[in-house]
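What's counted below: heavy atoms across the whole structure, side chains too, no hydrogens, waters or symmetry copies. Treat the numbers as computed from the prediction; the structure is a model and nothing was measured. Labels below follow one simple rule: chain letters A, B, ... track the order of the sequence lines, proteins then strands, and each chain is numbered from 1.
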Amino acid sequence: MALTYSKKDKLKSRKLIEKLFSEGRSIAAYPLRMVYLKTSFDDGVAFKAGVSVSKRNFKKAVQRNHIKRLMREAYRCHKSTYFNNSSNEFALMILYIGKETVDFALIEKKMQQLLNKFSEKELTDKTAP
RNA sequence: CAAGUAGAUCGCCUUAUCGCUGUCCUGUCCCAAUUGCUAUUGGGACGGGAUGGAGGAAAGUCCGAACACCAUAGUGCAAUCAUAGUGGCUAACGGCCACCCACCGUGAGGUGAGGAAAAGUGCAACAGAAAGCAAGUACAGGUCAUGCUGUAGUGAAACCAGGUAAACUCUAUGUGGUGCAAUGUCAUGUAAACUAACGUUGACCUGCCUGUCAUCGAUUAUUUGAUGGAGGCAGUCGGGAGCGUGCACGCGCGAUUGUUAGAGGGUAGACAGCUAAAGUUUGCUGGUAACAGUAAACGCAGAUAAAUGAUGAGGGCUUUUCUUUUUUAGGAUUUAGAUUCUAGAAAAUGAAACGUACAGAAUUCGGCUUAUAGAUUUGCUUACUCA
RNA sequence: UGGCCUAUGGUGUAACUGGUAACACGUUGGUUUUUGGUACCAAAGAGUCUAGGUUCGAGACCUAGUGGGCCAA
C-alpha cells in the first residue's frame, strides 16, 4: 500500500457514515477517537477513512481545516504499516475530541497509538482463531 | 523632530522530500459497440508528463442586482417595509462623488435617518401658579379698570402660530414571492396504489374520417354515387372542483392519469446549472470628482464528510536582552597624560530569545459593516507652553 | 447555504404608550431555641450583553457588533 490518500480512500457515502455512527464500535487515544465498522466495498479498496472536527469545540473554519489536514496527513503516513495484509474491509471515521489546537508531532504519535490499538484488536484476532 | 489628520499600496520569501485537487496530453491492459479485417468511438483499471489551485476581508449576511422557477410578472386598492437637503455617477442601490446647511474640533478635518409641527391625534416624570381650549405667584411700572408691561423664580422647554415625527401621522418615491438545498435530466424505488372530501362538459355550425342504418339513382350482379341520420377527431362559443401573492379585477392553467388533505414508501447518487464576467492590468482622452470612453495585453480555484497541506533547511521583518564601539554628565585615583565606577543617548553585514496578524472559496457580481501583527508611501495641520 | 428569535441581581421572572430598575428563591446578619430546622426582623447584592446615536431623560426607540437558541432537503 502506497503513501497516498486519494478520493477512493476517503469515506464519502452519507448513508454509510450514518450506519457507521449508529452501529460502529470505537476506540480512543486522546485527543483522537476512532469509530469503525466492518463492511464491504465494490471498488476493491480495503479501508475507507474520514476525519471530523466538531464545530462545538472549534468555532473558526481555519482551525477546523488545519486540524483535519494534520489528521489526514498522519493517517496517510502511517496506515500502510498497519493495514498491509488484511482480508477484511473496514469503514473508519477518526474524530478530534480535544478542545485545543496541537502540533503535528503529537497527532502523529497519537495516530500511531490509535492504529496500533485497532490492528491488535481487530486484525490479529481475526487471523489467530 | 514630535503629536495628529485624511488617503493609497502590500500583507512573508526561497528550496528539498512526501502528498491533495481541477484541466490537457499520453502509455499498457480489460470491457462494450461498429466493421470482412486493420482500426475507430465510448467506458474502466494501473501508470507517466505538462500546467492551474484562497482573501483583503473569502467573514457577517446588512443592502442592491444578475440568474432560475412560480404566469409573459399585469391593473386598482389596502397593508408592510425602506428611503428623505440640492445636483450628479451607476446595471442597480439604503452605495459613491461634488456642493449647501447644522453641530464638534486651535486646525488639517470629522459627524449628520438634513422633507412636513400653519392637516389632525398624542406626550412632557420631578419642580413650578401654570407644560399649551387655558390659568396666573412675588416685586416694580402703568391704567378708569384688568397679566396691561418688565423683571424674578421652577424647569430640558414658559406664548413663540413653542418642543417632540429614531411618537402615531402626512407628503414624495420605491417595493409580487421563493432562493443554486433555485431549477432541469438520468438512476433507484413503491404506486397510474390506499383513505377522506369535492369535482368531472353542453351548444352550434364548419371540415375530415368511419361506412353499421334509412331513402333515392346507376349497374345483370359484385359494386358504386348522392342525401339524411349515427359515431369519432379537429375547430368555435360556453360550463367547470379548484390552482396560480392580502383583496378585487383581468389573464392563464385545469380532469379516463382531476384538485385538496391525510397516512405511507423510495432516493439522498450522477450530470447539467458551475465559473468569460456590469472581467483584470497598464496607458491615453474627457470630467472638480465619483465615473465614462478608447487602445493593448491577459484568459485567473471549482471542492462536495468538502482540495490548496505536512516535515526538514535557509533567509527576511518586528520587539526585547546581551556584547562591542562612539559620545554626554557626575564621582574616584593621578603632577599630567591616562585608567576606572555610576547614569543616560546613538550605532552595528555582531549574538541570542520570543513573535510573524485577522482569517478559508461553496451560484456569481457591485457595495456596506466588522476583524487585522506589521511594513511602505503621499497630502495637510499644530492653539497654549518650552527650546 | 438561506431564514427567524432572544439576552435584566447567584437562579427564575416583572417593569403599561420613554420618567430614574420590582418580586420570589438563594446569600449574609440578628431574634426565638439547649442546638439545628421552621418562623420573624433587617441588610447586601444588578444599573439592564457590548459600542455608538435620537432625546431634557433610554431596560424600552434606531444602527452596528457579541453570545445563546430555533427552523428549512
Side-chain angles (χ1 to χ4, degrees):
Chain A
M1 196 182 277
L3 292 176
T4 58
Y5 183 63
S6 62
K7 268 188 173 178
K8 280 187 182 174
D9 302 318
K10 291 179 186 170
L11 186 59
K12 292 167 94 81
S13 163
R14 186 187 294 261
K15 210 175 170 182
L16 186 59
I17 290 166
E18 280 179 13
K19 194 181 172 192
L20 172 64
F21 276 112
S22 60
E23 300 178 12
R25 309 173 62 188
S26 76
I27 51 178
Y30 188 84
L32 301 176
R33 177 163 170 270
M34 179 160 83
V35 183
Y36 62 92
L37 184 70
K38 191 178 165 190
T39 178
S40 63
F41 303 110
D42 299 332
D43 50 1
V45 180
F47 292 89
K48 283 179 186 282
V51 297
S52 179
V53 181
S54 169
K55 204 171 186 176
R56 182 176 295 274
N57 295 335
F58 296 96
K59 295 259 173 224
K60 288 169 184 170
V62 170
Q63 295 179 359
R64 288 199 301 274
N65 280 348
H66 185 65
I67 291 172
K68 280 153 81 174
R69 278 166 183 160
L70 293 175
M71 286 161 74
R72 273 198 291 268
E73 182 72 10
Y75 176 80
R76 178 182 75 80
C77 292
H78 295 287
K79 63 173 184 169
S80 62
T81 59
Y82 298 100
F83 293 171
N84 243 341
N85 39 16
S86 169
S87 55
N88 297 307
E89 299 185 341
F90 284 92
L92 314 171
M93 177 63 78
I94 301 167
L95 308 169
Y96 189 86
I97 53 177
K99 296 196 175 169
E100 290 159 0
T101 53
V102 290
D103 58 351
F104 180 72
L106 185 69
I107 285 192
E108 190 177 26
K109 190 177 147 200
K110 293 292 180 183
M111 182 65 75
Q112 281 176 296
Q113 285 182 15
L114 191 72
L115 294 175
N116 195 29
K117 269 189 184 176
F118 174 75
S119 64
E120 279 181 5
K121 194 167 180 184
E122 292 294 327
L123 301 181
T124 55
D125 283 359
K126 290 288 187 291
T127 54

Exercise. Could you work out the separation of C/U66 and C/A22 based on their P atoms and round it to a whole Å?
Key: 33 Å
Practice problem: Both distances under 3.5 Å, Watson-Crick or G-U wobble: on that basis, could you give the dot-bracket string for RNA chain C, with [ ] for crossing pairs and | for other-strand partners? | Solution: (((((((..((((.....[..)))).(((((.......))))).....(((((..]....)))))))))))).
Quiz item: On a whole-Å scale, what distance lies between the C1' atoms belonging to B/A375 and B/A102?
Solution: 41 Å
Quiz item: Roughly, in whole Å, what's the span from CD in A/Q63 to P in B/A357?
Solution: 13 Å
Quiz item: Of the nucleotides B/G309, B/G360, B/U21, which one has an atom closest to the side chain of A/A61?
Solution: B/G360
Quiz prompt | Which nucleotide in B/C20, B/A310, B/G360 has an atom nearest any side-chain atom of A/H66 | solution = B/A310
Exercise. In whole angstrom, give me the gap between the P atoms of B/G115 and B/U121.
Key: 23 Å
Quiz item: Taking atom C1' in both B/G239 and B/A255, what distance in whole Å separates the two?
Solution: 14 Å
Practice problem: For B/U206 versus B/G228, give the span between their P atoms, rounded off to a whole number of Å. | Solution: 10 Å
Exercise. Quickly work out the A/D9 CG to B/C20 P distance and round it to whole Å.
Key: 9 Å
Self-check item: Closest non-hydrogen atom pair, A/L114 against A/A28
Solution: CD1-C, 3.9 Å
Quiz item: Now, which nucleotide makes the Watson-Crick or G-U wobble pair with B/G350, with each of the two distances under 3.5 Å?
Solution: B/C322
Practice problem: Please work out whether B/G56 sits syn or anti, treating a glycosidic angle within 90° of 0 as syn. | Solution: syn
Quiz item: How do A/E73 and A/Y5 order along RNA chain B: which one's closest nucleotide is nearer the 5' end?
Solution: A/Y5
Quiz item: NZ of A/K68 versus P of B/G309: gap in Å, rounded?
Solution: 15 Å
Self-check item: B/A108 to B/G4 separation - C1' atoms, rounded to the nearest Å
Solution: 9 Å
Quiz item: Sequence neighbours excluded, which residues qualify as side chain to side chain contact (heavy atoms under 4.5 Å, CB included) partners of A/L115?
Solution: A/H78, A/Y82, A/F83, A/M111
Exercise. Only counting residues at least two apart or in another chain, list the ones meeting salt bridge (Lys or Arg N to Asp or Glu O under 4.0 Å) with A/R69.
Key: none
Exercise. Answer syn or anti for B/G95, where the cut-off is 90° from 0 on the glycosidic torsion.
Key: anti
Practice problem: Identify the heavy atoms of A/E73 and A/R76 that sit nearest to each other, and give their distance. | Solution: OE2-NH2, 2.8 Å
Quiz item: Which atoms form the tightest heavy-atom contact between A/A74 and A/I107, and what is the distance?
Solution: CB-CG2, 4.0 Å
Quiz prompt | Any-strand Watson-Crick or G-U partner of B/G87, both distances under 3.5 Å | solution = B/C97
Quiz item: Mind telling me whether B/A98 is syn or anti, cutoff 90° either side of 0?
Solution: anti
Exercise. Find which nucleotide of RNA chain B each of A/N65 and A/R69 is nearest to by heavy atoms, and output the residue with the more 5' nucleotide.
Key: A/R69
Quiz prompt | Validation row: A/V51, A/Y75 side chains within 4.5 angstrom (heavy atoms) | solution = no
Quiz item: Between A/Y75 (OH) and B/G309 (C1'), how many Å, whole number?
Solution: 17 Å
Quiz prompt | G-U wobble or Watson-Crick pairing nucleotide for B/U154 (cut-off 3.5 Å, both distances) | solution = none
Quiz item: Considering every strand shown, what is the Watson-Crick or G-U wobble mate of B/G142 when both distances are under 3.5 Å?
Solution: none
Quiz item: Once you round it to whole Å, what is the distance between P of B/C20 and CG of A/L70?
Solution: 17 Å
Quiz item: Paired with B/A32: which nucleotide, if any, by Watson-Crick or G-U wobble criteria at under 3.5 Å for both distances?
Solution: B/U41
Exercise. Please measure how far the C1' atom in B/U183 lies from the corresponding atom in B/U363, and state the result in whole Å.
Key: 12 Å
Practice problem: Considering only atom C1', compute the distance from B/C104 to B/C63 and round it to an integer number of Å. | Solution: 30 Å
Exercise. Look through every strand shown and name the nucleotide pairing with B/G207 as Watson-Crick or G-U wobble, where both distances are under 3.5 Å.
Key: B/C233
Exercise. Determine, for A/K117 against A/E120, whether the closest basic-nitrogen to carboxylate-oxygen distance falls under 4.0 angstrom.
Key: no
Quiz item: If pairing requires Watson-Crick or G-U wobble contacts with both distances under 3.5 Å, which nucleotide is the partner of B/U188?
Solution: none
Exercise. Specify the separation, in whole Å, of atom NZ of A/K60 and atom P of B/G55.
Key: 20 Å
Exercise. May I ask which nucleotide in the shown strands pairs with B/A278, Watson-Crick or G-U wobble, both distances under 3.5 Å?
Key: none
Quiz item: When rounded to the nearest 0.5 angstrom, what distance separates CZ in A/R33 from OG in A/S26?
Solution: 4.0 Å
Quiz prompt | Minimum heavy-atom distance between A/A49 and A/Y5, given as atom pair plus value | solution = O-OH, 2.9 Å
Self-check item: Length of the CZ-C1' vector between A/F104 and B/G19, whole Å
Solution: 11 Å
Quiz item: Applying the 4.5 Å side-chain criterion to the ILVMFWY set and letting contacts propagate, would A/V62 and A/Y96 be lumped into a single cluster?
Solution: no
Quiz item: Tell me: CZ of A/R72 to C1' of B/U308, nearest whole Å?
Solution: 11 Å
